[in-house]
Amino acid sequence: MSSSIETLVNREYQYGFVTDVDTDTIPPGLSEAVIRLISAKKQEPAWLLDWRLKAYRRWLTMKEPHWANVTYPPIDYQEQSYYSAPKSVTPLQSLDEVDPELLRTYEKLGIPLNEQKFLSGVAVDAIFDSVSVGTTMKAELAELGIIFCSLGEAVKEHPELVEKYLGSVVPHSDNFFAALNAAVFSDGSFVYVPKGVRCPMELSTYFRINAEGTGQFERTLIVADEGAYVSYLEGCTAPKRSTNQLHAAVVELVALKDATIKYSTVQNWYAGDKEGQGGIYNFVTKRGKCAGANSKISWTQVETGSAITWKYPSVILQGDNSTGEFYSVAVVNNRQQADTGTKMIHIGRNTKSNIVSKGISAGRGQNSYRGQVKVMPKAEGARNYTQCDSMLVGNECGAHTFPYIEVGNNSAQVEHEASTSKIGEDQIFYLKQRGLSAEQAVSMIVSGFCKEVFKELPMEFALEAQQLLGITLEGSVG
Amino acid sequence: MLDIKDLRATVGDKEILKGITLTVKPGEVHAVMGPNGSGKSTLAQVLAGHPAYEVTGGSVTYDAEDLLEMDAEVRAQKGVFLAFQYPVEIPGVSNAYFLRAAYNEIRKARGEEEIDPMSFADLMDEKMQLVEMEGDMLSRSVNTGFSGGEKKRNEILQMAVLEPRLAILDETDSGLDIDALRIVAHGVNSLRGPDRATIVVTHYQRLLNYIVPDYVHVLANGRIVRSGGKELALELEARGYDWLLEEAVA
């Protein structure tokens, strides 16, 4: 390929800085004592500590899964620290009391937290390592009965809701990483939208890993009561470090009768350097349950960061006529590896699921789509449509597809379409001949490829996602 | 405007252009004709900066600058436009978005402000009429699922919007029916002017009935073997290329 493209410079990961704050970090290692310490620091009720311990004991009997199409050296779980919090953060503080250093960090990340600079129409919960720094727009939301706070705060303020729904979609014993999360989870966001309420703004959580040698194990729980609607967004970044960091999060969504939850992710954890040194291991369990009839859960993800991604946002379609959607763009460049996809479990009658997966592989990246569509015997009239497209940039990357389809009802209709294409030198030359740079050309071709997914994102985030994609792929053509 | 001197180019190990010399002045239309494999398309691609070709000798001066030193997008920004023989499909990117991005890049390069979407829409209305294209063409993905004729008209639309100083048409007539040919020629002719020049690469004389050239050059085996006025094209139409090839060898 042309030398002009080869010489494109890789832009630096712009979120790779470290915030210098005093932290309360517990020493590396995992044991019952550590779990008791975490629980005590968070002043948790006994039932929650018991749940953590139950998960931990279960985890001890489990084995790290290795069926995914990714390779990495063994993880020493005793080398990680499981809790790190800036000392200046105290429980239930108001935003006025937040350490200016932390506010500056979020501002640098493009997420202003102080009242005057809020993004319009978006409420933000800012999670820094193991704790929530603050949540904006809380009062406005509270007027509608919407609860939006950190999970830690919800445990204190709304224990009945947390106890009812925590682990109801992803049980403590679900899988190795989910069990680990249940044992040691730190802050995530909690959302409850009451009956018949349509949340008037985007709710968003911004996750930031800062401390070194710590894992991040946030847990998010979103409940949409009957007829409620909520759109939620998460964004993630981390400093550049030469060592790998573990991120094992759990997200649970519950949609009751006639409720809709739209969950969007723009994941930009540090991906490691060109040679694959450092980066986040993103081992995440995300699952939603369409518990009531006519409910809908829609996942949209744009995965551009992380050294390794292991993630399958899924929907259990339990209510009759419920709908599950999964729209995904996953990009790997340099030495990144992604094994991502979804599971759609059709239980109720006339349940529908729609899967659109766009995988882009560049550099020496390896990208796998892994998706399961399961139609249970009673899911009369179930329908699934899956579209799975891969795009290759260069000659050293890989794209893989692993669809699993199980149909237990004769009336079900399941469709799967797949394609693989390659960004051609001719496409790039065509666009350059019209005055666009190689970077703009690649970005335009890839955006076109991902269009069906981007249109599912809220407007301002669609633009961000598009730019992010451009940055991730810079220097990849050659 | 364009001064090509002893230009040599290879693709892989194969020499395709074996010393081309050609001067194009503002306001002129040059036709480059020749049998298949003579190097016509290679000349067009090399002038546009396609990375698959390596220039091994000679020089190309464009407006007193070394064209060969410029990256393909810089050439485009400075007004060199290639109408592709095989326009490329870009799925998911609308024609309008693509054209506006290109238009703005070229304006930026000239130190002009970007155009806003509304003004651009007006501009497009005007240009679409020129090539007799329907409005839905703009919302469709670039060349994706276009017929052969639509693709060629889309090239001319782009040319009409970008208003190049030097337009190179690479076998734009191939695969066109007579109506499309007329439309394409009309688009090209309406862009003719004292400051612009056009190089029409074609295998057949047919297009030159509509786009009347000032000069005709016959390319054979990587060299220009004959240059003349527009009547040379008619002679080729009547006698074919063989007599010229024989002369060239002799």
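Chain A is the first sequence line, chain B the second, and so forth, proteins listed ahead of strands; every chain is numbered from 1.
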Please say whether more than 12 non-hydrogen atoms of neighbouring residues, nucleotides or ligands are located less than 6.0 Å from [atom1] in [X].
X      : atom1 : answer
B/E134 : CD    : no
A/R383 : CZ    : no
B/Y62  : OH    : yes
A/K262 : NZ    : yes

For residues [X] and [Y], determine if any side-chain heavy atom of one lies less than 4.5 Å from a side-chain heavy atom of the other.
X      : Y      : answer
A/L431 : B/E73  : no
B/P51  : A/K432 : no
B/V93  : A/F449 : no

Query raised in the report: Is it the backbone or the side chain of A/S437 that comes under 4.5 Å from a heavy atom of chain B, or both, or neither?
Result: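 Both the backbone and the side chain of A/S437 come within 4.5 Å of chain B.
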Report task. Please state whether the side chain, the backbone, both or neither of A/Q440 comes within less than 4.5 Å of a heavy atom of chain B. Result ->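 Just the side chain, heavy atoms under 4.5 Å.
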Query raised in the report: Tell me the ring pair (Phe, Tyr, Trp, His ring centres under 6.0 Å) pairs involving residues 117-172 of chain B, sequence neighbours left out?
Result: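 Of all non-adjacent pairs touching residues 117-172 of chain B, those that pass ring pair (Phe, Tyr, Trp, His ring centres under 6.0 Å) are B/Y103-B/F120.
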Requested in this report: Write down the atom of A/F429, the atom of B/A72, and the distance for their closest heavy-atom approach.
Outcome: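 Here A/F429 and B/A72 meet closest at CE1-CB, 3.9 Å.
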Requested in this report: Indicate the atoms forming the closest heavy-atom contact of B/A76 with A/G435, along with that distance.
Outcome: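 Answer, listing the atom of B/A76 first, then A/G435: CB-N, 3.4 Å.
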Query raised in the report: Just by distance, do the side chain of B/E105 and the backbone of A/L436 share a donor-acceptor pair under 3.5 Å?
Result: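 Not at all, since once roles are kept as given, no pair shorter than 3.5 Å links the two residues.
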Show which side-chain atoms of residues 80-89 of chain B pair as donor or acceptor with protein atoms under 3.5 Å away, not counting sequence neighbours.
{"unit_1": "B/Q85", "atom_1": "OE1", "unit_2": "B/S41", "atom_2": "OG", "d": "3.1"}
{"unit_1": "B/E89", "atom_1": "OE2", "unit_2": "B/K151", "atom_2": "NZ", "d": "3.3"}

Requested in this report: Look at B/A109, B/G92, B/P164 and state which one has the largest set of heavy-atom pairs under 4.5 Å with chain A.
Outcome: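 Winner by heavy-atom pair count: B/G92.
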Requested in this report: Heavy atoms only, distances under 4.5 angstrom: which of B/H50, B/Q77, B/R75 has the most pairs with chain A? Name it, please.
Outcome: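 If we count pairs closer than 4.5 Å to chain A, B/H50 comes out on top.
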Query - Proximity breakdown for B/V142 and chain A, heavy-atom pairs closer than 4.5 Å - result: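 The side chain, not the backbone.
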Requested in this report: Give, as side chain, backbone, both or neither, the part of B/L162 having an atom under 4.5 angstrom from any heavy atom of chain A.
Outcome: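 Side chain only.
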Query raised in the report: A/R434, A/Q433, A/K451: which one forms the most heavy-atom pairs within less than 4.5 Å of chain B?
Result: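 With the most close heavy-atom pairs to chain B, the winner is A/R434.
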Query - Nearest-0.5 Å distance, OH of residue A/Y430 to CG of residue B/N143 - result: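 It is 4.0 Å, given to the nearest 0.5 Å.
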